[in-house]
Amino acid sequence: MYNFDEIIDRRNTNALNTDGFRDYIFHADDAMVFPYEDDEFIRMWVADMEFAAPQVIIDAMKERLDRRIFGYTRIFTDDYYNAFAKWCKDRYDWAFDKKHLVTSNGIIPALYELVGHICKPDEKPLFLTPSYAYFKYAADFNEREHVCSDLINVNGFFKIDFEDFAQKASDEKTTLLILCHPHNPTGRVWTEEELLRLGEICIKNKLWIISDEIHCDLLRKGKHHIPLAKLFPNYDRIITCMAPSKTFNLAGLMISNIIIPNDKLRQLWLKRHYNFDNPLSVAGAQAAYEKGADWLEALQHYLDDNFLYTKDYLARNLPEAKFEISEATYLAWVDVSAYFDGSEDLPMFFANKAGVLLEGGNMFVRNSDCFIRLNLACPRSIVEEGLKRICAAILNK
Ligand code: LCS
């Protein structure tokens, strides 16, 4: 019914994935050349998918297009809220107050704005490392320091160092935790026990928490996501970020959900934020939540199989690599420290020697040396070719 094996041509669509890699990965421009033509690369880097968005979303956007006027738009009716609220109720048994929901053109702009609102100039956010680098960039942009608590790597399974975390959270200048839940890049789905412990430490120290749950719908089968705010319904300093962008491959539509229970903060957001939405994005996102569950179910199976394939291929062909199947996300976090020392620029190595674009540990703030992150949200044939090239490049080095 859904063809995830299809190879879709993304050239000439202004896709970051095909056209923006020099700048994003290598901070370079078109002058940077590789032994591969651009369209010879296997692209396993930025976190979007090589799959078509569900047809129900495309149809809803087409219907909206047919209404022909695209004037200033903001979510005034209840339809969007009802669709998203039902999604959260059905999947996470979680309800939130309608008036707490605001939309944003992305979670990154929300992070940039919220860090500035929450942390005074001498205060700083805390996050777990390795980390999605934009958590740090949000601090940098606001000229705030940041503090990291390194995850503990237990044979490829990442755990929170609660002692370290509690100590850092107790610094009176640490006023915000930016939590990635599920966690990019390690793929951890934090358990209820972990979330309770984390939340209690934050509450004790009156920390704000931005719980970035953008990856929460992309679970391996059998895994369950618990929104952090569900566990602490009376603590109004938890901001939850969710979006259809990762789940349904709609990142370019730039619509995401930010749930801000604290009235004062939300009022500030509403005053300062550019509060309009793209009408096509609203139509697409609403359709995703109303009608996208079947497609997501099929996608989960396909991704599960891509992970199993990767696990098996690496075990047979690169036995010294350490890799545990991610509990969520479509990102594989592979430890290749048996083959490299920390000085190697891994994205550069694989672009030049394998013709594979991937993200390396150097892009995840710290505690990530000698890791590569592979985006497995692509047709199986691409995953196969990518892994073949990666292993050959390592073994021939
Ligand atoms: N938060 C997390 C944890 C993410 O992984 C991403 C995208 C975003 C926010 C971006 O949200 P947006 O502004 O699009 O709503 N992650 C990417 C990544 O790891 N590589 O490329 C994008």
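Both counts, for ligands and for their atoms, begin at 1 and track the order of listing. Positions are given from 1 along the sequence.
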**Student:** My question is simple, although I want it checked carefully: is atom 16 (N) of ligand 1 less than 4.0 angstrom from any protein heavy atom?
**Tutor:**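 It does: a protein heavy atom is found less than 4.0 Å away from atom 16 (N) of ligand 1.
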**Student:** Quick one: does NZ or CZ of R373 land under 6.0 Å from the six-membered ring centre of F364, within 45 degrees of the ring axis?
**Tutor:**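 No, a cation-pi geometry is absent between R373 and F364.
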**Student:** So is I108 polar-close to ligand 1, meaning N/O to N/O under 3.5 Å?
**Tutor:**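 Yes; the residue has a nitrogen or oxygen that sits under 3.5 Å from a nitrogen or oxygen of the ligand.
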**Student:** Write out the residue and atom name of the closest protein heavy atom to atom 1 (N) of ligand 1, then the distance separating them to 0.1 Å.
**Tutor:**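 It is D212 OD2, 2.5 Å.
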**Student:** Centroid-to-centroid, Y134 to Y132, below 6.0 Å?
**Tutor:**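 That pair passes the under 6.0 Å test.
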**Student:** Would you please indicate yes or no on a ring centroid separation below 6.0 angstrom for F349 and Y339?
**Tutor:**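 Centroid distance Y339-F349: not below 6.0 Å, so no.
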**Student:** Quick check: H215 and ligand 1, any N/O pair under 3.5 Å apart?
**Tutor:**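 Yes, at least one N or O pair falls under 3.5 Å.
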**Student:** Give the contacting part of R373 toward ligand 1: side chain, backbone, both or neither, where contact means a heavy-atom distance below 4.0 Å.
**Tutor:**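 Looking at R373 and ligand 1, just side chain atoms fall under 4.0 Å.
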**Student:** Any N or O on I107 sitting closer than 3.5 Å to an N or O of ligand 1?
**Tutor:**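 The answer is yes, given that I107 and ligand 1 share an N or O pair closer than 3.5 Å.
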**Student:** Go through the steps for N257 and Y80 under the test side-chain hydrogen bond (donor to acceptor under 3.5 Å, both in side chains), then give the verdict.
**Tutor:** CA-CA 11 Å; N257 305 303; Y80 179 78; 2.6 Å; yes
**Student:** Atom 11 (O) of ligand 1: which protein heavy atom is closest, and how many Å away?
**Tutor:**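 Answer for atom 11 (O) of ligand 1: I214 CD1, 3.4 Å.
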**Student:** Using only atom types and a distance under 3.5 Å, with no angle test, would you say the side chain of R10 pairs donor to acceptor with the backbone of T18?
**Tutor:**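 No; judged by distance alone, with no hydrogens or angles, the pair does not exist.
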**Student:** When the ring centroid of Y313 is compared with that of F323, is the distance short of 6.0 Å?
**Tutor:**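 Not close enough - the centres of the two rings lie 6.0 Å or further apart.
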**Student:** Identify, for atom 7 (C) of ligand 1, the protein heavy atom at the shortest distance, and state residue, atom and that distance.
**Tutor:**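 Looking only at protein heavy atoms, the one closest to atom 7 (C) of ligand 1 is K246 NZ, 2.9 Å.
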**Student:** Taking the six-membered ring of Y302, is the NZ or CZ of R380 close enough (under 6.0 Å from the centre) and on axis enough (within 45°)?
**Tutor:**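 Relative to the ring axis of Y302, which defines the angle, R380 lies inside both limits.
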**Student:** Has K246 got its NZ or CZ under 6.0 Å from the middle of the six-membered ring of Y330, at an angle within 45 degrees of the ring axis?
**Tutor:**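 Judged by the rule, K246 and Y330 form no cation-pi pair.
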**Student:** For ligand 1, which atoms sit closer than 4.0 Å to a heavy atom of C180?
**Tutor:**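 This gives 3 (C) as the contact atoms.
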**Student:** Can you check whether F135 has an N/O within less than 3.5 Å of an N/O in ligand 1?
**Tutor:**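 N/O-N/O distance below 3.5 Å does not exist for this pair.
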**Student:** Is ligand 1 under 4.0 Å from a heavy atom in the side chain of A251, in the backbone, in both, or in neither?
**Tutor:**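 For A251, no heavy atom sits under 4.0 Å from ligand 1.
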